[in-house]
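In what follows, a single structure is set out as structure tokens and then discussed.
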2 protein chains.
Amino acid sequence: MPPNRPIPDAAPPPAGRATIADVARAAGVHASTVSRALNPATRGMVTEAVALRVAEAADRLGWRPSALAAGLRTRKSRTIGILVPDLVNPIFPPIVRAAESLLAAQGYATLVANTDNDPAREEMLISRMAEHVVDGLMMASAAEGTHAIELCARFGIPTVLINRRLPGATTSAVTNDDRHGIGLAVSHLVALGHRRIAHLAGPRGVSTAIDRREGFLEALRAAGLDPGPVVDAAGYTRAAGRVAMETLLAGPSFTAASFTALVAANDMLCLGVYDVLRSRGLRAGVDLSVTGFNDMPFVDLIDPPLTTIRIQHAAMGREAAEALLAEIAEPAAPRRDTRLVPELVIRASTRAPRQEH
Amino acid sequence: MPPNRPIPDAAPPPAGRATIADVARAAGVHASTVSRALNPATRGMVTEAVALRVAEAADRLGWRPSALAAGLRTRKSRTIGILVPDLVNPIFPPIVRAAESLLAAQGYATLVANTDNDPAREEMLISRMAEHVVDGLMMASAAEGTHAIELCARFGIPTVLINRRLPGATTSAVTNDDRHGIGLAVSHLVALGHRRIAHLAGPRGVSTAIDRREGFLEALRAAGLDPGPVVDAAGYTRAAGRVAMETLLAGPSFTAASFTALVAANDMLCLGVYDVLRSRGLRAGVDLSVTGFNDMPFVDLIDPPLTTIRIQHAAMGREAAEALLAEIAEPAAPRRDTRLVPELVIRASTRAPRQEH
DNA sequence: TTGTAAGCGTTATCAT
DNA sequence: ATGATAACGCTTACAA
């Protein structure tokens with residue numbers, strides 16, 4: 001026997017992290033038996049006694065199966081990607097959180113990334129998700145002209161859209177019934193007696209903006225009213241809301257002549273609207289009725305509390321996660337297009353119009 | 001030659017996803033050469049011409065290297081875990097976002113999970129992170145009595161604490177100078193003329209609560225004042241703020257007799273404070289001066305706008321990510337304990353005390 | 001400069 | 001019911 005040959009099977013002190021082989025040795029069985037004993041799906045193939053012995057050895061050694069090795073073999077990473085435009089926008093955390101909770105309960109880890117509404121960045125992130133072999137992807141960042149869907153298809157990543165839809169997409173989506181929602185706002189204002197209602201629309205190319213704009217026009221038509229001025233915001237931000245509001249007021253002297261109420265495409269824009277009103281010594285509710293959309297956290301606390309359309313944040317995250325898992329489990333299953341129904345929340349930013357001056 | 005032997009090297013139509021072998025075949029080189037050509041670190045080992053040919057073949061085939069396979073080999077996943085108590089708490093999104101952006105730029109993907117302030121859940125999530133072989137972990141959820149640190153150490157996961165420290169921990173941490181910050185609030189109130197100042201403290205066992213409470217007492221002592229009543233909130237939530245505020249007012253009839261100003265341990269608690277004041281027909285600023293901590297998004301918009309201590313949310317995420325990467329690159333390097341310095345933001349919730357009645 | 005071969009830690013297939 | 005073995009897709013000594 002050659003003198004320097006390593007002694008076979010002389011249990012080496014598990015230097016780094018324990019592996020399945022260490023556990024096998026400790027339990028006096030083969031690695032494949034360990035795998036079977038600890039995988040719930042194959043537990044039945046193994047004797048009760050062995051299963052116990054293995055489990056005991058495993059947690060005595062503090063063994064954690066490597067998701068990398070398992071994933072390499074099974075082609076499943078037990079990881080789901082979530083893409084949001086910007087996690088700081090308060091509507092996303094509740095969605096992401098709800099999705100993460102549900103996914104964690106199913107044993108999935110969640111990869112989160114911000115696209116900054118930048119298509120190039122979005123593509124880069126999708127590629128990275130592909131490299132990490134995510135089992136599925138949730139996208140809240142869809143905007144017209146993106147190649148995201150094709151990219152996901154090419155990588156074979158099951159995908160579900162959240163919050164925003166994509167026109168011709170064949171992807172599952174969980175969104176709000178935006179047309180209906182904005183209609184709620186219009187009806188409320190009409191019921192209060194408003195007749196000239198303006199719209200502060202969202203950025204071009206985003207489904208929520210398009211649907212809410214159309215819903216606005218439609219609701220007015222249904223009420224037999226002519227639409228007031230409509231201005232597009234450059235993005236769903238407070239700053240863009242300010243700019244658009246300035247445009248809407250067109251010049252320094254605002255009179256109630258042109259419109260008495262404003263339906264904004266979302267809450268964030270309303271923050272900008274409030275800024276402009278305040279800077280002119282005007283007050284939402286009193287001088288101009290204002291409605292938002294989303295009922296994002298804390299708009300009940302701003303001054304005046306915002307009348308808005310409440311969407312089901314958590315349900316959106318949950319349903320999207322469920323749809324995704326269903327699609328992963330059954331790739332051939334038909335796609336779902338879920339519309340969550342929003343509701344009107346009346347606060348202090350809407351009132352009957354003042355008497356004409 | 002046996003008739004049924006598969007033809008060797010007859011390029012099989014790449015059924016699923018392209019692998020490094022497909023690229024190698026397409027470029028007429030060996031897989032190891034592909035690896036070298038595409039890895040920036042080893043690019044130099046390979047001829048310019050070959051590198052080009054490989055790169056071309058790679059993106060013609062749309063090849064994405066599997067992070068699973070690479071990670072299994074290198075024992076690095078290029079993945080960082082982030083643990084937060086609750087992503088819906090508005091102080092965390094900016095931190096997570098800043099960290100994610102920096103990490104993404106360095107080629108890391110980010111695994112995010114919510115602990116719900118539940119130690120058992122926290123341990124479970126750390127284990128899961130270990131299974132996914134994260135290269136490092138950022139924890140914003142540290143609370144007294146957690147085994148998180150030991151767990152990370154056992155798994156050999158480099159860890160940095162964010163926002164909250166842990167008493168005896170040997171881990172790097174990026175936190176606020178909480179004592180100094182709360183001192184700013186106290187000084188401001190004293191300068192306004194307040195002499196009886198109460199404290200609404202954070203939940204037991206959390207470093208931010210402890211430091212702010214001590215900082216509060218210390219600042220009062222420095223000002224030669226006796227501390228007003230101090231009450232602990234059960235958690236950093238609006239509801240807990242409400243409960244604690246009721247306790248502080250002790251009964252239905254509030255008179256300014258007991259204190260004229262309230263220093264709360266964070267902004268979220270102030271929302272509860274506002275609720276209680278409102279329910280009693282009192283007004284922050286007018287009837288009671290109130291200060292918060294964090295300057296979380298939108299507290300500038302609530303009514304009245306909250307005077308608070310602004311922390312550097314984004315810097316916290318960035319610095320923590322940097323510290324973590326540094327530690328990954330140089331595990332032997334000494335730990336850092338970074339304190340970010342907060343600043344006072346004066347708004348309308350603080351004023352000189354009213355005349356005594 | 002490039003190819004060869006071994007190995008990372010699992011799971012799936014096959015044999016016993 | 002369990003063990004042996006190969007394979008997942010990549011990186012990295014080592015050899016040429």
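Note on naming: letters A, B, ... go to the chains in the order of the sequence lines (proteins, then strands), and numbering restarts at 1 for each one.
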According to a strict under-4.0 Å criterion, is B:Thr33 in side-chain N/O contact with OP1 or OP2 of C:dG3?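 It does, given that an N or O in the side chain of B:Thr33 lies less than 4.0 Å from OP1 or OP2 of C:dG3.
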Can you tell me how far apart [atom1] ([X]) and [atom2] ([Y]) are? Round to the nearest 0.5 Å.
{"X": "A:Thr338", "Y": "A:Leu161", "atom1": "OG1", "atom2": "CG", "result": "11.5 Å"}
{"X": "B:Arg164", "Y": "B:Glu144", "atom1": "CZ", "atom2": "CD", "result": "11.5 Å"}
{"X": "A:Leu68", "Y": "B:His132", "atom1": "CG", "atom2": "NE2", "result": "9.0 Å"}
{"X": "A:Glu123", "Y": "A:Asp118", "atom1": "CD", "atom2": "CG", "result": "9.5 Å"}
{"X": "A:Met139", "Y": "A:Leu125", "atom1": "CE", "atom2": "CG", "result": "11.0 Å"}
{"X": "A:Asp86", "Y": "A:Ser141", "atom1": "CG", "atom2": "OG", "result": "11.5 Å"}

Is any side-chain heavy atom of B:Val50 closer than 4.5 Å to one of B:Arg36?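 The answer is no, as the side chains (C-beta and beyond) never meet within the 4.5 Å cut-off.
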With a 4.5 Å cut-off on side-chain heavy atoms, are A:Pro85 and A:Phe92 touching?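 Heavy-atom side-chain distance check passes, below 4.5 Å.
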Could you check how far [atom1] of [X] sits from [atom2] of [N], rounded to whole Å?
{"X": "B:Asn39", "N": "D:dA13", "atom1": "CG", "atom2": "P", "answer": "13 Å"}
{"X": "B:Arg75", "N": "D:dG9", "atom1": "CZ", "atom2": "P", "answer": "21 Å"}
{"X": "B:Lys76", "N": "D:dT12", "atom1": "NZ", "atom2": "C1'", "answer": "15 Å"}
{"X": "A:Arg17", "N": "C:dT10", "atom1": "CZ", "atom2": "C1'", "answer": "12 Å"}
{"X": "A:His30", "N": "C:dT11", "atom1": "NE2", "atom2": "P", "answer": "13 Å"}
{"X": "A:Arg78", "N": "D:dC8", "atom1": "CZ", "atom2": "P", "answer": "22 Å"}
{"X": "B:Arg53", "N": "C:dT1", "atom1": "CZ", "atom2": "P", "answer": "15 Å"}
{"X": "A:Leu38", "N": "C:dT10", "atom1": "CG", "atom2": "P", "answer": "11 Å"}

Counting distance only, does the side-chain N/O of [X] pair as donor-acceptor with the main-chain N or O of [Y] below 3.5 Å?
{"X": "A:Arg53", "Y": "A:Val29", "result": "no"}
{"X": "B:Thr47", "Y": "B:Ala49", "result": "no"}
{"X": "B:Arg17", "Y": "B:Arg64", "result": "yes"}

Test for a donor-acceptor pair under 3.5 Å between the base of C:dT10 and the side chain of A:Thr19, counting only N and O atoms.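 Side chain to base: no pair present.
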Contact list please: residues 63-73 of chain B against DNA chain C, heavy atoms, distance less than 4.0 Å, in numerical order.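 Residues of residues 63-73 of chain B under 4.0 Å from DNA chain C: B:Leu72, B:Arg73.
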Please classify the nucleic acid contact of A:Thr74 as base, sugar-phosphate, or nothing, using heavy-atom distances under 4.0 Å.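 Sugar-phosphate contact only - A:Thr74 comes under 4.0 Å of backbone atoms but never of a base.
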Is B:Asp116 paired with A:Arg97 through a side-chain N to carboxylate O contact shorter than 4.0 Å?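 Here A:Arg97 pairs with B:Asp116 in a salt bridge, since their nearest N and O are under 4.0 Å apart.
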For residues 125-135 of chain A, which residues have at least one heavy atom under 4.0 Å from DNA chain D?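 By residue number: none to list.
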Could you check which of C:dG3, C:dT2, D:dC10 has an atom nearest any side-chain atom of B:Val29?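 Selected nucleotide (nearest to the side chain): C:dG3.
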Which residue lies toward the 5' end of DNA chain D, A:Met45 or A:Ser32, if each is placed at its nearest nucleotide?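 Its nearest nucleotide lies further toward 5', so the answer is A:Met45.
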Between protein and nucleic acid, restricted to nucleotides 14-16 of chain C and to nitrogen or oxygen atoms under 3.5 Å apart, what atom pairs and distances do you find?
none

